[in-house]
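In what follows, residues are counted from 1 in the order of the sequence shown.
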Amino acid sequence: VLLVEESGGGLVQAGGSLRLSCAASGRTLSGYVMGWFRQVPGKEREFVGAIRWSTGTTYYANSVKGRFTISRDNAKNTVYLQMNSLKPEDTASYYCAAAAGSIIPTAPARYNSWGPGTQVTVSS
């Protein structure tokens with residue numbers, strides 16, 4: 001069973017940066033896409049970006065492109081979400097998830113291993 005767990009959330013001022021981590025255990029990630037999502041109460045879970053583990057290929061939502069960067073550490077079986085130039089509208093619970101295969105999906109339903117989430121709050 002593949003388990004993932006996020007860390008690194010917190011409170012930051014607008015314009016600041018945070019780095020989230022997602023540690024995976026139970027399986028190697030070579031055959032997976034690792035995605036980041038976010039959700040605010042009352043709204044649907046929103047795709048932020050993802051990385052195809054085998055090639056390092058990344059894909060981002062337009063709302064975060066140029067500000068957020070996803071990377072991976074093979075030795076640590078960990079994926080990162082570097083968030084720069086944060087805005088109050090980035091405030092949300094952030095989730096890491098895994099999808100088997102090589103195609104990068106953006107729909108939450110395509111991912112089947114989810115972490116508990118970590119809260120990011122950006123103050124204005």
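Screening residues 24-76 for disulfide (SG to SG under 2.5 Å), with sequence neighbours left out, gives no hits. Within the structure, disulfide (SG to SG under 2.5 Å) pairs that include any residue of residues 94-124 comprise Cys22-Cys96 (at least two apart or interchain). A side chain to side chain donor-acceptor pair (under 3.5 Å) check over residues 100-110, counting only residues at least two apart or in different chains, returns nothing. Note on residues 3-20: no pairs pass salt bridge (Lys or Arg N to Asp or Glu O under 4.0 Å), not counting sequence neighbours.
In this structure Thr55 satisfies the side chain to side chain contact (heavy atoms under 4.5 Å, CB included) test together with Arg52, Thr57, sequence neighbours excluded. Take Lys87 and apply the side-chain hydrogen bond (donor to acceptor under 3.5 Å, both in side chains) test, not counting sequence neighbours, and it matches no residue. Among residues two or more places apart in sequence or in another chain, the side chain to side chain contact (heavy atoms under 4.5 Å, CB included) test is passed with Ser85 by Arg67. Residues passing the side-chain hydrogen bond (donor to acceptor under 3.5 Å, both in side chains) test with Tyr111: none are found, sequence neighbours excluded. Not counting sequence neighbours, the partners of Gln82 by the side-chain hydrogen bond (donor to acceptor under 3.5 Å, both in side chains) test are Asn84. Taking Ser63 as the reference, Arg38, Glu46, Ala61 meet the side chain to side chain contact (heavy atoms under 4.5 Å, CB included) condition, with sequence neighbours excluded. Thr121 meets the side-chain hydrogen bond (donor to acceptor under 3.5 Å, both in side chains) test with Gln119; sequence neighbours excluded.
Nearest heavy atom pair, residue Ser123 against residue Leu11, reads CB-CD1, 4.3 Å. Of all heavy-atom pairs spanning Ser30 and Ser54, the tightest one is O-CB, 3.5 Å. In this structure, Pro105 and Ala99 approach most closely via the heavy-atom pair CG-CB, 4.0 Å.
Taking CG from Asn74 and OG1 from Thr28, the interatomic distance works out to 10.0 Å, rounded to the nearest 0.5 Å.
Heavy-atom neighbours of Lys65 NZ from other residues, nucleotides or ligands within 6.0 Å: above the threshold of 12.
Using a 4.5 Å heavy-atom threshold, the side chains of Tyr80 and Arg72 count as separate. By the 4.5 Å heavy-atom criterion applied to side chains, Trp114 and Pro108 are counted as neighbours.
Panel note: side chain Thr78, backbone Ala23; no donor-acceptor pair is recorded below 3.5 Å.
Cluster note: Met34 groups with Leu2, Val4, Val12, Leu18, Leu20, Leu29, Tyr32, Trp36, Val48, Ile51, Trp53, Tyr60, Val64, Phe68, Ile70, Val79, Leu81, Met83, Leu86, Tyr94, Val120, Val122 through ILVMFWY side-chain heavy atoms spaced under 4.5 Å, whether in direct contact or through intervening members.
Between Phe47 and Phe37, the ring centre distance stays below 6.0 Å.
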